[in-house]
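Notes follow the structure.
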Amino acid sequence: MGEVAKRYDLAVVGSGAAGFAAAISARRYGASVVMIEAGTVGGTCVNTGCVPSKALLAAAHVRQVAATADRFPGISAGVGRVEFEELVFGKDALVAGMRSDKYINLAGRYGWEIVAGVARFAGTRRDPVLDVQLDSGGVHRIEAGQYLVATGSAPTAPSIDGLAEAGYLTSTTAMDLAQLPGSMVVVGGNAIGLEQAQLFARLGTQVTVVEALDRLAPFDEPEASVAIESILADEGITVYTGAPVTKVWRDNGQVVVALPAGQVRADEILGATGRRPVTAGLNLDRVGVATGAWGEIVVDDELRTTNPRVWAAGDVTGAPQYVYVAAHHGDVAAGNALTGAGRTVDYAHLPRVIFTSPAIAAAGMTEAQAVEAGYNCDCRVLPLEYMPRAVVNRDTRGMVKLVVDADTGRLLGVHAVAEAAGELAAAGVYVLAAGMTVRQVAEMWSPYLTAAEGLKLAAQAFTRDVADLSCCAV
(Lines give C-alpha, C1' and ligand atoms only; values in the text may rest on other atoms or scores of the structure.)
Protein backbone atom coordinates (compact mmCIF):
# COMPACT_ATOMS: atom_id res chain seq x y z
CA MET A 1 0.00 0.00 0.00
CA GLY A 2 1.40 3.35 -1.00
CA GLU A 3 1.79 6.16 1.52
CA VAL A 4 -0.81 8.92 1.78
CA ALA A 5 0.88 11.95 0.26
CA LYS A 6 -1.78 14.42 1.25
CA ARG A 7 -5.30 14.78 2.60
CA TYR A 8 -7.59 16.60 0.17
CA ASP A 9 -10.72 18.63 0.75
CA LEU A 10 -12.50 16.83 -2.09
CA ALA A 11 -11.76 13.59 -3.93
CA VAL A 12 -13.68 13.16 -7.20
CA VAL A 13 -14.12 9.73 -8.79
CA GLY A 14 -14.73 10.24 -12.51
CA SER A 15 -13.58 12.92 -14.95
CA GLY A 16 -16.70 13.64 -17.00
CA ALA A 17 -18.95 16.68 -16.96
CA ALA A 18 -20.12 16.17 -13.37
CA GLY A 19 -16.63 15.56 -12.06
CA PHE A 20 -15.10 18.54 -13.84
CA ALA A 21 -17.89 20.91 -12.83
CA ALA A 22 -17.45 19.83 -9.22
CA ALA A 23 -13.67 20.22 -9.32
CA ILE A 24 -13.88 23.68 -10.90
CA SER A 25 -16.39 24.80 -8.28
CA ALA A 26 -14.25 23.36 -5.49
CA ARG A 27 -11.16 25.19 -6.70
CA ARG A 28 -13.14 28.43 -6.84
CA TYR A 29 -13.91 27.87 -3.16
CA GLY A 30 -10.18 27.45 -2.56
CA ALA A 31 -10.49 23.73 -1.81
CA SER A 32 -7.82 21.16 -2.63
CA VAL A 33 -8.99 18.56 -5.16
CA VAL A 34 -7.84 15.23 -6.51
CA MET A 35 -9.60 13.43 -9.38
CA ILE A 36 -9.38 9.71 -10.14
CA GLU A 37 -10.14 8.38 -13.62
CA ALA A 38 -10.18 4.70 -14.59
CA GLY A 39 -10.47 5.31 -18.33
CA THR A 40 -10.09 8.26 -20.68
CA VAL A 41 -10.24 11.73 -19.20
CA GLY A 42 -13.41 13.58 -20.18
CA GLY A 43 -16.09 10.96 -19.60
CA THR A 44 -18.86 9.93 -21.96
CA CYS A 45 -19.92 13.20 -23.57
CA VAL A 46 -16.67 14.29 -25.14
CA ASN A 47 -15.23 10.83 -25.80
CA THR A 48 -18.04 8.51 -26.83
CA GLY A 49 -21.32 10.42 -26.55
CA CYS A 50 -22.49 13.91 -27.42
CA VAL A 51 -19.44 15.25 -29.24
CA PRO A 52 -18.51 12.32 -31.52
CA SER A 53 -22.12 11.38 -32.30
CA LYS A 54 -23.13 14.95 -33.15
CA ALA A 55 -19.98 15.40 -35.24
CA LEU A 56 -20.92 12.36 -37.33
CA LEU A 57 -24.57 13.44 -37.43
CA ALA A 58 -23.48 16.82 -38.78
CA ALA A 59 -21.47 15.12 -41.52
CA ALA A 60 -24.40 12.87 -42.39
CA HIS A 61 -26.68 15.93 -42.47
CA VAL A 62 -24.41 17.65 -44.99
CA ARG A 63 -24.57 14.58 -47.21
CA GLN A 64 -28.35 14.51 -46.90
CA VAL A 65 -28.61 18.20 -47.83
CA ALA A 66 -26.61 17.49 -50.97
CA ALA A 67 -28.76 14.45 -51.76
CA THR A 68 -31.98 16.46 -51.44
CA ALA A 69 -30.79 19.74 -52.93
CA ASP A 70 -33.24 19.43 -55.83
CA ARG A 71 -36.07 20.46 -53.51
CA PHE A 72 -34.88 23.97 -54.36
CA PRO A 73 -35.69 24.81 -58.00
CA GLY A 74 -32.53 25.42 -59.99
CA ILE A 75 -30.21 23.60 -57.57
CA SER A 76 -28.68 20.21 -58.18
CA ALA A 77 -25.99 18.34 -56.30
CA GLY A 78 -24.76 14.81 -55.93
CA VAL A 79 -23.25 12.55 -53.32
CA GLY A 80 -20.41 10.14 -53.81
CA ARG A 81 -18.94 7.29 -51.85
CA VAL A 82 -18.50 7.82 -48.12
CA GLU A 83 -14.91 7.40 -46.97
CA PHE A 84 -16.00 6.15 -43.56
CA GLU A 85 -12.53 5.53 -42.19
CA GLU A 86 -11.55 9.12 -42.98
CA LEU A 87 -14.80 10.39 -41.44
CA VAL A 88 -14.08 8.50 -38.22
CA PHE A 89 -10.49 9.78 -38.23
CA GLY A 90 -11.77 13.36 -38.45
CA LYS A 91 -14.21 12.70 -35.63
CA ASP A 92 -11.41 11.32 -33.47
CA ALA A 93 -9.24 14.37 -34.13
CA LEU A 94 -12.08 16.69 -33.11
CA VAL A 95 -12.67 14.69 -29.94
CA ALA A 96 -8.98 14.70 -29.04
CA GLY A 97 -8.82 18.47 -29.44
CA MET A 98 -11.85 19.10 -27.25
CA ARG A 99 -10.65 16.61 -24.64
CA SER A 100 -7.35 18.44 -24.44
CA ASP A 101 -8.79 21.98 -24.43
CA LYS A 102 -11.83 21.47 -22.22
CA TYR A 103 -10.62 18.77 -19.85
CA ILE A 104 -6.93 17.92 -19.52
CA ASN A 105 -5.57 21.45 -19.94
CA LEU A 106 -8.40 22.89 -17.86
CA ALA A 107 -7.43 20.76 -14.88
CA GLY A 108 -3.93 22.13 -15.16
CA ARG A 109 -5.14 25.72 -15.27
CA TYR A 110 -7.31 25.28 -12.18
CA GLY A 111 -4.65 23.30 -10.40
CA TRP A 112 -5.83 19.84 -9.48
CA GLU A 113 -4.24 16.45 -9.98
CA ILE A 114 -5.76 13.69 -12.13
CA VAL A 115 -4.76 10.20 -10.95
CA ALA A 116 -5.01 7.41 -13.53
CA GLY A 117 -6.38 4.30 -11.90
CA VAL A 118 -9.37 2.37 -10.58
CA ALA A 119 -10.81 3.71 -7.32
CA ARG A 120 -12.43 1.56 -4.67
CA PHE A 121 -13.78 2.66 -1.31
CA ALA A 122 -12.10 1.32 1.79
CA GLY A 123 -12.02 2.31 5.44
CA THR A 124 -15.31 2.57 7.31
CA ARG A 125 -18.59 4.43 7.00
CA ARG A 126 -17.32 6.95 9.56
CA ASP A 127 -13.88 7.29 7.96
CA PRO A 128 -14.07 6.44 4.24
CA VAL A 129 -10.92 6.38 2.12
CA LEU A 130 -10.17 5.48 -1.49
CA ASP A 131 -7.70 2.83 -2.59
CA VAL A 132 -6.63 3.47 -6.18
CA GLN A 133 -5.15 0.68 -8.30
CA LEU A 134 -2.79 2.83 -10.33
CA ASP A 135 -2.37 2.32 -14.08
CA SER A 136 1.35 2.60 -13.44
CA GLY A 137 1.18 -0.21 -10.88
CA GLY A 138 0.66 -0.38 -7.17
CA VAL A 139 -2.09 0.90 -4.92
CA HIS A 140 -2.33 4.49 -3.70
CA ARG A 141 -4.53 5.48 -0.77
CA ILE A 142 -6.36 8.80 -0.93
CA GLU A 143 -8.01 10.49 2.03
CA ALA A 144 -10.37 13.44 1.74
CA GLY A 145 -12.78 15.43 3.81
CA GLN A 146 -15.52 14.87 1.23
CA TYR A 147 -15.93 12.43 -1.67
CA LEU A 148 -17.88 12.79 -4.92
CA VAL A 149 -18.77 9.82 -7.14
CA ALA A 150 -19.28 10.90 -10.74
CA THR A 151 -18.64 7.71 -12.69
CA GLY A 152 -21.47 8.21 -15.20
CA SER A 153 -23.28 5.49 -17.11
CA ALA A 154 -22.53 2.93 -19.82
CA PRO A 155 -24.61 1.34 -22.61
CA THR A 156 -26.64 -1.61 -21.42
CA ALA A 157 -27.22 -4.61 -23.66
CA PRO A 158 -30.81 -5.57 -24.47
CA SER A 159 -31.86 -8.83 -22.84
CA ILE A 160 -32.28 -10.87 -26.03
CA ASP A 161 -31.70 -14.58 -26.49
CA GLY A 162 -28.55 -15.14 -28.55
CA LEU A 163 -27.45 -11.49 -28.72
CA ALA A 164 -24.17 -11.93 -26.85
CA GLU A 165 -23.21 -14.95 -28.95
CA ALA A 166 -24.10 -13.19 -32.21
CA GLY A 167 -22.18 -10.06 -31.28
CA TYR A 168 -23.58 -6.56 -31.36
CA LEU A 169 -22.67 -2.90 -31.56
CA THR A 170 -23.36 -0.21 -28.98
CA SER A 171 -23.66 3.51 -29.61
CA THR A 172 -19.99 3.70 -28.61
CA THR A 173 -18.52 0.91 -30.73
CA ALA A 174 -20.65 1.79 -33.77
CA MET A 175 -18.82 5.09 -34.12
CA ASP A 176 -15.46 3.33 -34.31
CA LEU A 177 -16.25 0.81 -37.05
CA ALA A 178 -13.53 0.28 -39.64
CA GLN A 179 -16.01 0.37 -42.50
CA LEU A 180 -19.59 1.38 -43.15
CA PRO A 181 -22.01 -1.57 -42.83
CA GLY A 182 -24.21 -2.35 -45.81
CA SER A 183 -27.18 -2.96 -43.52
CA MET A 184 -28.00 -2.58 -39.84
CA VAL A 185 -30.80 -3.34 -37.39
CA VAL A 186 -31.12 -0.79 -34.59
CA VAL A 187 -32.88 -2.17 -31.51
CA GLY A 188 -34.44 0.75 -29.66
CA GLY A 189 -36.49 3.64 -30.99
CA ASN A 190 -35.77 6.37 -28.48
CA ALA A 191 -33.05 9.05 -28.49
CA ILE A 192 -29.89 7.02 -29.09
CA GLY A 193 -31.51 4.56 -31.47
CA LEU A 194 -33.14 7.27 -33.59
CA GLU A 195 -29.95 9.31 -33.85
CA GLN A 196 -27.81 6.31 -34.76
CA ALA A 197 -30.38 5.01 -37.25
CA GLN A 198 -30.57 8.27 -39.16
CA LEU A 199 -26.80 8.77 -38.98
CA PHE A 200 -26.00 5.45 -40.66
CA ALA A 201 -28.91 5.65 -43.10
CA ARG A 202 -27.76 9.04 -44.36
CA LEU A 203 -24.25 7.68 -44.87
CA GLY A 204 -25.63 4.90 -47.05
CA THR A 205 -26.44 1.97 -44.75
CA GLN A 206 -29.80 0.23 -45.16
CA VAL A 207 -31.32 0.63 -41.68
CA THR A 208 -34.19 -1.06 -39.86
CA VAL A 209 -35.38 0.27 -36.49
CA VAL A 210 -37.11 -2.11 -34.07
CA GLU A 211 -38.96 -0.74 -31.03
CA ALA A 212 -40.71 -2.96 -28.48
CA LEU A 213 -43.17 -0.23 -27.44
CA ASP A 214 -46.01 0.87 -29.66
CA ARG A 215 -44.35 4.00 -31.08
CA LEU A 216 -41.00 5.65 -31.70
CA ALA A 217 -39.88 8.35 -29.26
CA PRO A 218 -42.28 6.75 -26.77
CA PHE A 219 -41.71 9.32 -24.03
CA ASP A 220 -42.45 12.32 -26.24
CA GLU A 221 -45.79 13.53 -27.54
CA PRO A 222 -47.67 11.11 -29.83
CA GLU A 223 -47.61 13.78 -32.55
CA ALA A 224 -43.81 13.75 -32.38
CA SER A 225 -43.81 9.96 -32.79
CA VAL A 226 -45.99 10.16 -35.89
CA ALA A 227 -43.80 12.88 -37.37
CA ILE A 228 -40.48 11.12 -36.82
CA GLU A 229 -41.74 7.79 -38.15
CA SER A 230 -42.87 9.54 -41.34
CA ILE A 231 -39.52 11.33 -41.61
CA LEU A 232 -37.56 8.10 -41.26
CA ALA A 233 -39.79 6.39 -43.83
CA ASP A 234 -39.12 9.27 -46.27
CA GLU A 235 -35.42 8.52 -45.89
CA GLY A 236 -35.80 4.81 -46.60
CA ILE A 237 -35.57 3.56 -43.03
CA THR A 238 -37.81 0.60 -42.18
CA VAL A 239 -39.57 0.82 -38.81
CA TYR A 240 -41.19 -1.90 -36.70
CA THR A 241 -43.02 -0.75 -33.55
CA GLY A 242 -44.69 -2.96 -30.97
CA ALA A 243 -42.08 -5.51 -32.02
CA PRO A 244 -39.95 -7.02 -29.24
CA VAL A 245 -36.96 -8.97 -30.52
CA THR A 246 -37.34 -12.62 -29.48
CA LYS A 247 -34.01 -14.06 -30.66
CA VAL A 248 -30.82 -13.20 -32.56
CA TRP A 249 -28.33 -15.46 -34.36
CA ARG A 250 -25.69 -15.40 -37.08
CA ASP A 251 -26.19 -17.01 -40.46
CA ASN A 252 -23.66 -16.80 -43.30
CA GLY A 253 -22.02 -13.77 -41.74
CA GLN A 254 -25.25 -11.84 -41.22
CA VAL A 255 -27.33 -11.22 -38.12
CA VAL A 256 -30.83 -12.67 -38.17
CA VAL A 257 -33.30 -10.85 -35.90
CA ALA A 258 -36.51 -12.67 -35.01
CA LEU A 259 -39.60 -10.49 -34.50
CA PRO A 260 -43.20 -11.50 -33.81
CA ALA A 261 -44.04 -10.76 -37.46
CA GLY A 262 -41.02 -12.46 -39.03
CA GLN A 263 -37.27 -12.08 -39.47
CA VAL A 264 -34.93 -9.28 -40.47
CA ARG A 265 -31.38 -9.86 -41.75
CA ALA A 266 -28.54 -7.36 -41.62
CA ASP A 267 -24.78 -7.08 -41.50
CA GLU A 268 -24.81 -5.56 -38.01
CA ILE A 269 -27.13 -5.14 -35.02
CA LEU A 270 -26.89 -2.13 -32.74
CA GLY A 271 -28.36 -2.25 -29.24
CA ALA A 272 -29.73 1.14 -28.20
CA THR A 273 -32.04 0.38 -25.31
CA GLY A 274 -30.54 2.60 -22.65
CA ARG A 275 -27.63 3.14 -20.27
CA ARG A 276 -27.02 2.06 -16.69
CA PRO A 277 -25.10 3.82 -13.90
CA VAL A 278 -21.49 2.66 -13.48
CA THR A 279 -21.09 1.63 -9.84
CA ALA A 280 -19.71 -1.93 -9.99
CA GLY A 281 -16.39 -2.32 -8.22
CA LEU A 282 -16.60 0.91 -6.22
CA ASN A 283 -17.18 -1.06 -2.98
CA LEU A 284 -19.90 1.39 -1.99
CA ASP A 285 -21.46 -0.88 0.61
CA ARG A 286 -18.17 -0.84 2.53
CA VAL A 287 -18.77 2.82 3.43
CA GLY A 288 -22.56 2.65 3.72
CA VAL A 289 -23.54 4.12 0.34
CA ALA A 290 -26.88 2.69 -0.81
CA THR A 291 -27.71 1.88 -4.42
CA GLY A 292 -31.02 1.31 -6.21
CA ALA A 293 -32.40 -1.41 -8.45
CA TRP A 294 -30.43 -0.25 -11.51
CA GLY A 295 -27.20 0.25 -9.58
CA GLU A 296 -27.78 3.99 -9.26
CA ILE A 297 -26.46 5.73 -6.16
CA VAL A 298 -29.28 6.85 -3.89
CA VAL A 299 -29.03 10.58 -3.12
CA ASP A 300 -31.17 13.14 -1.32
CA ASP A 301 -32.33 16.47 -2.77
CA GLU A 302 -28.86 17.94 -2.11
CA LEU A 303 -27.06 15.01 -3.84
CA ARG A 304 -25.74 13.58 -0.59
CA THR A 305 -25.61 9.78 -0.39
CA THR A 306 -26.50 7.68 2.65
CA ASN A 307 -22.96 8.41 3.87
CA PRO A 308 -22.81 12.09 4.92
CA ARG A 309 -19.26 12.48 3.54
CA VAL A 310 -19.98 10.90 0.15
CA TRP A 311 -21.87 12.72 -2.63
CA ALA A 312 -22.86 11.69 -6.15
CA ALA A 313 -23.59 13.60 -9.34
CA GLY A 314 -24.67 12.97 -12.93
CA ASP A 315 -25.82 9.76 -14.60
CA VAL A 316 -24.60 7.61 -11.71
CA THR A 317 -27.51 8.97 -9.60
CA GLY A 318 -30.17 7.78 -12.07
CA ALA A 319 -31.01 11.40 -12.94
CA PRO A 320 -31.96 12.41 -16.51
CA GLN A 321 -28.95 11.50 -18.65
CA TYR A 322 -28.00 14.85 -20.12
CA VAL A 323 -24.54 16.37 -19.91
CA TYR A 324 -25.94 19.70 -18.73
CA VAL A 325 -27.70 17.91 -15.85
CA ALA A 326 -24.42 16.22 -14.91
CA ALA A 327 -22.52 19.53 -14.96
CA HIS A 328 -25.20 21.23 -12.84
CA HIS A 329 -25.13 18.31 -10.42
CA GLY A 330 -21.37 18.63 -10.05
CA ASP A 331 -21.57 22.33 -9.25
CA VAL A 332 -24.40 21.81 -6.75
CA ALA A 333 -22.76 18.83 -5.04
CA ALA A 334 -19.41 20.57 -4.62
CA GLY A 335 -21.01 23.64 -3.10
CA ASN A 336 -23.10 21.57 -0.72
CA ALA A 337 -20.21 19.33 0.28
CA LEU A 338 -17.70 22.10 0.91
CA THR A 339 -19.80 25.05 2.05
CA GLY A 340 -23.06 23.56 3.30
CA ALA A 341 -24.94 25.64 0.73
CA GLY A 342 -28.00 23.39 0.87
CA ARG A 343 -28.82 23.80 -2.82
CA THR A 344 -31.25 21.43 -4.54
CA VAL A 345 -31.86 20.57 -8.21
CA ASP A 346 -35.08 21.67 -9.90
CA TYR A 347 -36.01 19.64 -13.00
CA ALA A 348 -39.34 21.43 -13.61
CA HIS A 349 -38.47 23.02 -16.96
CA LEU A 350 -35.68 20.67 -18.03
CA PRO A 351 -35.20 20.79 -21.82
CA ARG A 352 -34.48 17.66 -23.85
CA VAL A 353 -33.45 17.12 -27.46
CA ILE A 354 -33.20 14.11 -29.75
CA PHE A 355 -30.74 15.16 -32.44
CA THR A 356 -32.42 13.66 -35.44
CA SER A 357 -32.97 15.94 -38.40
CA PRO A 358 -35.52 17.42 -38.01
CA ALA A 359 -34.91 17.23 -34.27
CA ILE A 360 -37.36 16.31 -31.51
CA ALA A 361 -37.23 18.64 -28.51
CA ALA A 362 -39.29 19.68 -25.53
CA ALA A 363 -39.38 21.58 -22.27
CA GLY A 364 -41.88 21.07 -19.49
CA MET A 365 -44.79 18.65 -19.32
CA THR A 366 -46.29 16.45 -21.98
CA GLU A 367 -50.06 16.49 -22.33
CA ALA A 368 -50.28 13.12 -20.57
CA GLN A 369 -48.12 14.34 -17.67
CA ALA A 370 -50.24 17.47 -17.29
CA VAL A 371 -53.46 15.44 -17.17
CA GLU A 372 -51.91 13.05 -14.66
CA ALA A 373 -50.91 16.03 -12.51
CA GLY A 374 -54.54 17.15 -12.41
CA TYR A 375 -54.47 20.03 -14.87
CA ASN A 376 -57.44 20.85 -17.08
CA CYS A 377 -55.42 20.69 -20.28
CA ASP A 378 -55.77 22.66 -23.48
CA CYS A 379 -53.36 21.94 -26.35
CA ARG A 380 -52.70 23.13 -29.88
CA VAL A 381 -50.55 21.57 -32.59
CA LEU A 382 -49.10 23.82 -35.28
CA PRO A 383 -48.05 21.93 -38.44
CA LEU A 384 -44.81 23.35 -39.85
CA GLU A 385 -46.55 24.24 -43.09
CA TYR A 386 -47.72 27.31 -41.15
CA MET A 387 -44.21 28.28 -39.96
CA PRO A 388 -42.64 30.63 -42.55
CA ARG A 389 -39.07 29.53 -41.67
CA ALA A 390 -39.92 25.93 -42.54
CA VAL A 391 -41.71 26.97 -45.72
CA VAL A 392 -38.73 28.91 -47.10
CA ASN A 393 -36.44 26.03 -46.09
CA ARG A 394 -38.74 23.80 -48.17
CA ASP A 395 -38.96 21.32 -45.32
CA THR A 396 -42.29 21.42 -43.50
CA ARG A 397 -41.95 18.01 -41.83
CA GLY A 398 -42.82 18.39 -38.14
CA MET A 399 -44.91 20.41 -35.74
CA VAL A 400 -44.97 22.65 -32.65
CA LYS A 401 -47.25 21.71 -29.75
CA LEU A 402 -48.13 23.80 -26.71
CA VAL A 403 -49.58 22.29 -23.54
CA VAL A 404 -51.57 24.85 -21.56
CA ASP A 405 -53.46 24.98 -18.26
CA ALA A 406 -56.96 25.81 -19.48
CA ASP A 407 -57.93 27.37 -16.14
CA THR A 408 -55.11 29.94 -16.02
CA GLY A 409 -53.81 30.06 -19.60
CA ARG A 410 -50.30 29.37 -18.29
CA LEU A 411 -48.00 27.29 -20.47
CA LEU A 412 -47.03 23.90 -19.08
CA GLY A 413 -45.06 22.39 -21.97
CA VAL A 414 -43.44 23.23 -25.30
CA HIS A 415 -42.80 20.45 -27.84
CA ALA A 416 -41.45 20.51 -31.36
CA VAL A 417 -40.27 18.45 -34.27
CA ALA A 418 -38.34 20.86 -36.46
CA GLU A 419 -34.87 21.58 -37.78
CA ALA A 420 -34.34 24.07 -34.94
CA ALA A 421 -36.42 22.24 -32.33
CA GLY A 422 -33.63 22.52 -29.76
CA GLU A 423 -33.73 26.30 -29.97
CA LEU A 424 -37.51 26.22 -29.62
CA ALA A 425 -37.12 24.10 -26.48
CA ALA A 426 -34.54 26.55 -25.10
CA ALA A 427 -36.96 29.42 -25.68
CA GLY A 428 -39.62 27.28 -24.03
CA VAL A 429 -37.51 27.02 -20.86
CA TYR A 430 -37.61 30.81 -20.46
CA VAL A 431 -41.32 31.03 -21.27
CA LEU A 432 -42.12 28.34 -18.70
CA ALA A 433 -39.79 29.75 -16.06
CA ALA A 434 -41.43 33.17 -16.46
CA GLY A 435 -44.88 31.63 -15.97
CA MET A 436 -46.13 33.18 -19.21
CA THR A 437 -49.66 32.65 -20.45
CA VAL A 438 -50.53 31.58 -23.94
CA ARG A 439 -51.95 35.05 -24.58
CA GLN A 440 -48.65 36.68 -23.59
CA VAL A 441 -46.74 34.37 -25.92
CA ALA A 442 -49.20 35.12 -28.74
CA GLU A 443 -48.57 38.85 -28.32
CA MET A 444 -44.81 38.84 -27.77
CA TRP A 445 -42.24 40.11 -30.25
CA SER A 446 -40.83 37.44 -32.52
CA PRO A 447 -38.48 38.03 -35.46
CA TYR A 448 -39.91 36.95 -38.77
CA LEU A 449 -38.47 33.88 -40.48
CA THR A 450 -37.11 32.31 -37.32
CA ALA A 451 -38.00 28.99 -35.76
CA ALA A 452 -38.87 30.83 -32.54
CA GLU A 453 -41.77 32.41 -34.40
CA GLY A 454 -43.33 28.95 -34.22
CA LEU A 455 -44.02 29.53 -30.50
CA LYS A 456 -45.93 32.72 -31.27
CA LEU A 457 -47.88 31.09 -34.09
CA ALA A 458 -48.76 28.04 -32.00
CA ALA A 459 -49.97 30.37 -29.24
CA GLN A 460 -52.07 32.32 -31.72
CA ALA A 461 -53.67 29.05 -32.81
CA PHE A 462 -55.55 28.99 -29.49
CA THR A 463 -57.72 31.93 -30.58
CA ARG A 464 -57.60 32.09 -34.37
CA ASP A 465 -57.03 30.10 -37.54
CA VAL A 466 -53.36 30.55 -38.37
CA ALA A 467 -54.11 29.82 -42.01
CA ASP A 468 -55.76 33.25 -42.13
CA LEU A 469 -52.74 35.15 -40.74
CA SER A 470 -50.46 37.32 -42.84
CA CYS A 471 -46.84 36.28 -43.32
CA CYS A 472 -45.76 38.14 -40.17
CA ALA A 473 -48.20 36.37 -37.86
CA VAL A 474 -50.72 39.22 -37.75
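All of these numbers come straight from a predicted model, not from anything done at the bench.
Within 6.0 Å of the CZ atom in F89, the count of heavy atoms belonging to other residues, nucleotides or ligands does not exceed 12. Within a 6.0 Å sphere centred on OH of Y430, other residues, nucleotides and ligands contribute 12 heavy atoms or fewer. Summarising the local packing, NZ of K102 is surrounded by 12 or fewer heavy atoms from other residues, nucleotides or ligands at distances under 6.0 Å. Environment of CG in D300: crowded, with over 12 heavy atoms of neighbouring residues, nucleotides or ligands closer than 6.0 Å. Residue Y240 qualifies as open at atom OH: its count of foreign heavy atoms under 6.0 Å is 12 or below. Remark: E85 CD is loosely packed, at most 12 non-hydrogen atoms of other residues, nucleotides or ligands lying under 6.0 Å away.
Residues V278 and V316 fail the side-chain proximity criterion, which asks for heavy atoms closer than 4.5 Å. At a threshold of 4.5 Å between non-hydrogen side-chain atoms, the residues D285 and V289 do not count as touching. At a threshold of 4.5 Å between non-hydrogen side-chain atoms, the residues V323 and Q321 do not count as touching. In this structure the side chain of I269 reaches within 4.5 angstrom of the side chain of V248, judged on heavy atoms. The closest side-chain heavy-atom distance from T40 to R99 is below 4.5 Å. Within the 4.5 Å cutoff, the side chain of V209 has heavy atoms near those of the I237 side chain. Side-chain contact between V88 and K91 is present, with at least one heavy-atom pair separated by less than 4.5 Å. Inter-residue side-chain proximity for R304 and V299 is flagged as unmet; no heavy-atom pair is nearer than 4.5 Å.
Once rounded to the nearest 0.5 Å, the distance linking OG1 of T366 with CD of E223 reads 10.5 Å. Here the OG1 atom belonging to T68 is positioned 7.5 Å from the CZ atom belonging to R202, to the nearest 0.5 angstrom. Atom CG in D101 sits 8.0 Å away from atom CE in M98 (nearest 0.5 Å). Residue W311 holds its CH2 atom at 14.5 Å from OH of Y147, rounded to the nearest 0.5 Å. Atom CE of residue M35 and atom OG of residue S15 lie 6.0 Å apart, to the nearest 0.5 angstrom. Atom CG of L199 and atom OG1 of T356 lie 12.0 Å apart (nearest 0.5 Å).
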Original post:
Which is it for L148 and L10 under the side-chain contact (heavy atoms from CB on, under 4.5 Å) test, yes or no, and what are the steps along the way?
Top reply: CA-CA 7 Å; L148 175 71; L10 179 67; 4.3 Å; yes
**OP:** Test R215 against E221 for salt bridge (charged side-chain N to carboxylate O under 4.0 Å, His left out), laying out the working first.
**Re:** CA-CA 10 Å; R215 59 188 177 94; E221 294 287 40; over 6 Å; no
Subject >> R265 and D267: CA distance, side-chain angles, deciding distance, salt bridge (charged side-chain N to carboxylate O under 4.0 Å, His left out) verdict >> reply: CA-CA 7 Å; R265 299 179 69 96; D267 296 330; over 6 Å; no
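Remark: the T344 side chain and the D301 side chain contain no N/O donor-acceptor pair separated by less than 3.5 Å. Counting only N and O atoms by type, the side chains of S183 and Q206 include no donor and acceptor under 3.5 Å apart. Counting only N and O atoms by type, the side chains of D214 and T241 include no donor and acceptor under 3.5 Å apart. Inspection of the E419 and S357 side chains reveals an N or O donor paired with an N or O acceptor under 3.5 Å. Under the 3.5 Å distance criterion, with hydrogens and angles disregarded, a donor-acceptor pair is assigned to the side chains of T44 and R275.
Aromatic ring pairs are classed by plane angle as parallel below 30°, tilted from 30° to 60° and perpendicular above 60°; the pair F84 and F200 is tilted.
Judged purely by atom type and a 3.5 angstrom limit, Y386 has no side-chain atom pairing as donor or acceptor with the backbone of A461. Put simply, the side chain of R352 gets close to the backbone of L350: a donor and an acceptor are under 3.5 Å apart. For S230 (side chain) and A227 (main-chain N/O), no donor-acceptor pair under 3.5 Å exists by modelled atom type. With hydrogens and angles ignored, the 3.5 Å screen pairs no side-chain donor or acceptor of H329 with any backbone N or O of A313. Judged by distance alone, the side chain of R250 and the main-chain N or O of A166 form a donor-acceptor pair under 3.5 Å. Under a 3.5 Å cut-off, the side chain of T48 and the backbone N or O of T172 do not form any donor-acceptor pair.
Between R276 and D315 there is no salt bridge, since no side-chain N of the basic residue sits under 4.0 Å from a carboxylate O of the acidic one. Using a 4.0 Å cut-off between charged nitrogen and carboxylate oxygen, R141 and D131 count as a salt-bridge pair.
Results of the side-chain contact (heavy atoms from CB on, under 4.5 Å) test with I228 over L216, V239, D220 single out L216 as the only residue that passes.
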